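None of the values given here were measured: they were computed from a predicted structure. Both backbone and side-chain heavy atoms feed into the values below; hydrogens, waters and symmetry mates do not.
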Amino acid sequence: MREKMAGITGKLMAGIVLFGLLLGIAASTVGYREFTSVLEKQYNDTAYEIADTACGYLNPDKFEDYLAHGQADAEYNGILEQLDALVEASDVTFIYVAKVDTSDFMTLTYIYDSLDPDSSFSRYPLGYTARDVAEEFVEDVKNIVTKGERAKKYLYAYSKESGAHTTAAVPVYDSKGEIVAILCVEKTMTRLEDARNTYVVHVLVGTLLAIVVFFLLYSAYLKKEMIAPILAVTNEAKRFADTNTPSDALLSLKRKDEIGILAKAVSKMESDIQEYIENLTAVTAEKERIGAELSIATQIQAHMLPSIFPAFPDREEFEIYATMNPAKEVGGDFYDFFMVDSTHLAIVMADVSGKGVPAALFMVIGKTLIKDHTLPGVDLGAVFTQVNNLLCESNSEGLFITAFEGVLDLESGEFQFVNAGHEMPFLSRSGQAFEPYKVRPGFVLAGMEEMRYRCGSIALEPGDKIFLYTDGVTEATRADNTLFGMERLKDVLGRSSTMCPEEILPAVKREIDAFVKDAPQFDDITMLCMEYRGGSI
């Protein structure tokens with residue numbers, strides 16, 4: 001026991017006891033926890049009050065009609081504006097209203113989605129469906145929908161997008177007293193964070209004062225027993241940093257306490273660092289090799305997409321042009337166009353979730369499957385149904401693809417299309433301004449097996465143009481986190497509608513570059529424009 005007390009642990013024991021008393025008075029751990037608990041409950045109660053207020057804006061009797069037709073009316077837009085105003089006035093991140101799929105209580109179909117304009121989230125459109133309920137909250141959601149009960153536990157979390165926040169969820173009743181949806185509110189807890197920071201500062205100040213008093217009284221004793229040997233270790237570490245040559249000098253400190261262990265550890269560290277430097281040289285060479293391979297992969301991906309224009313110089317029935325600017329060395333966006341037979345032209349625009357090499361590999365699979373299954377006389381809905389099932393079979397990483405494909409009959413001008421959760425196209429009629437062509441989005445590819453996709457049709461006249469794009473266009477973001485958005489895209493397309501496709505795409509890209517300026521590109525930017533010039537003669 002006496003030998004143990006002679007070590008550094010024993011010599012510091014008396015000081016640690018004294019320091020612990022001073023630090024315990026300053027820390028007040030129990031008070032901190034109670035303080036946090038009370039504020040968290042207050043925030044959660046406030047979130048439920050906001051939720052109750054938001055419920056008063058709604059007209060639940062029209063929810064099914066909105067979801068059935070996917071169209072918003074004046075009343076819907078008015079309620080959405082009220083919810084947006086409530087989000088801004090109440091300092092919440094978002095308020096959404098969604099119908100719950102009672103088969104799993106995890107799938108939500110969004111009716112309203114109001115966001116803090118400064119948040120990094122994107123507003124979900126009317127009818128958007130996703131499995132957004134985490135497994136640990138399924139029971140709470142089930143009780144809300146089936147029994148009208150509120151969640152039994154408070155939901156507190158921290159995320160990079162929302163910071164510290166609390167969530168409230170309440171049932172939404174129609175005029176018959178039936179629960180038709182849930183309404184959720186996520187409220188930031190900025191004041192809680194500020195109060196915690198203030199508390200931490202006070203604790204730190206008190207702790208520092210205690211440390212100063214402690215070391216003033218204890219420094220004389222520690223100088224001999226700790227500082228001198230630690231200086232020896234420090235000087236050896238400095239010598240090694242200057243020379244990168246290991247030494248056995250510290251082994252002369254024949255101590256059995258913690259400083260002796262530290263001296264031996266530093267000696268071993270010197271040997272390990274020298275070995276690490278040698279290994280780092282090999283790793284750097286390997287990294288350069290990988291970089292070279294990524295460069296080759298970039299070229300391979302670029303060559304997979306049609307890039308020679310004019311693409312069909314012998315065809316006078318149409319003109320087509322497309323570009324892709326990946327956010328990384330390789331991207332997940334892709335476009336394609338090809339002749340299905342002598343009188344039918346297929347165009348494809350798609351976006352793989354994620355970025356980098358995994359998305360690029362999934363892109364290759366998706367592009368190949370879509371082209372291989374697009375055959376003369378085959379319904380495009382059936383094409384996407386087959387492709388979706390094949391993609392789901394080998395999708396262990398959980399990736400998915402939003403895609404739009406259309407096939408143009410060059411003789412009649414009939415344009416058949418299918419949409420799998422992709423952005424709506426823009427259509428220009430005979431040189432008139434481009435307008436969004438509202439297409440009900442289907443479910444994404446590779447998201448769920450046995451999905452059925454429906455084919456739509458547009459009658460094109462000579463001079464009509466179709467513009468396809470990925471969300472990297474509308475979600476291009478400048479330094480203040482403002483998105484390029486649909487309105488800016490519609491404006492630049494409107495000013496470019498009389499141009500040919502090869503002029504339209506560079507005009508849009510110039511507008512995006514001028515908007516984002518020096519902000520980094522976070523997503524692939526892919527566009528395609530096709531002009532129908534009439535049947536062959």
- Electrostatic pair Glu450:Arg452 at N-O distance under 4.0 angstrom: yes
- Message: Is it true that Asp333 and Thr526 share a donor-acceptor pair across their side chains at a distance under 3.5 Å?
- Response: yes
- Look at atom NZ of Lys367 and say whether more than 12 heavy atoms of other residues, nucleotides or ligands are closer to it than 6.0 Å. yes
- Hey, mind stepping through Asp101 and Thr107 against side-chain hydrogen bond (donor to acceptor under 3.5 Å, both in side chains) and telling me if it holds? CA-CA 5 Å; Asp101 186 341; Thr107 303; 4.5 Å; no
- Option passing side-chain contact (heavy atoms from CB on, under 4.5 Å) with Phe63 (candidates Thr109, Val172, Asp174): Val172
- Quick one: are Val185 and Val87 in side-chain contact, heavy atoms under 4.5 Å? no
- Indicate yes or no for a side-chain donor-acceptor contact from Tyr173 to the backbone of Ala181 under 3.5 Å, with no hydrogens or angles considered. no
- Message: Using the rule given for side-chain hydrogen bond (donor to acceptor under 3.5 Å, both in side chains), can you reason through Thr474 versus Glu423, listing the C-alpha separation, both sets of side-chain angles and the distance that settles it, and then say yes or no?
- Response: CA-CA 10 Å; Thr474 54; Glu423 311 295 323; 4.5 Å; no
- So, the side chain of Asp336 versus the backbone of Pro306: is there a donor-acceptor pair under 3.5 Å, distance only? no
- Query: Is there a side-chain hydrogen bond (donor to acceptor under 3.5 Å, both in side chains) between Asn59 and Glu75 once you walk through the steps?
  - Reply: CA-CA 9 Å; Asn59 183 359; Glu75 182 182 4; 2.9 Å; yes
- Query: Quick one: do the Thr93 and Asp116 side chains pair a donor with an acceptor below 3.5 Å?
  - Reply: no
- Before accepting this row, confirm whether a basic side-chain N of the pair Arg429/Glu435 lies closer than 4.0 Å to the acidic partner's carboxylate O. no
- Task: Please work out whether the ring planes of Tyr76 and Tyr112 are parallel, tilted or perpendicular, with thresholds of 30° and 60°.
- Result: parallel
- Message: Donor-acceptor pair, distance only, cut-off 3.5 Å: does the side chain of Asp464 make one with the backbone of Ser430?
- Response: yes
- Are a donor atom and an acceptor atom from the side chains of Asp113 and Tyr128 found within less than 3.5 Å of each other? no
- Taking Tyr453 for its side chain and Phe443 for its backbone only, find out whether a donor-acceptor pair lies under 3.5 Å. yes
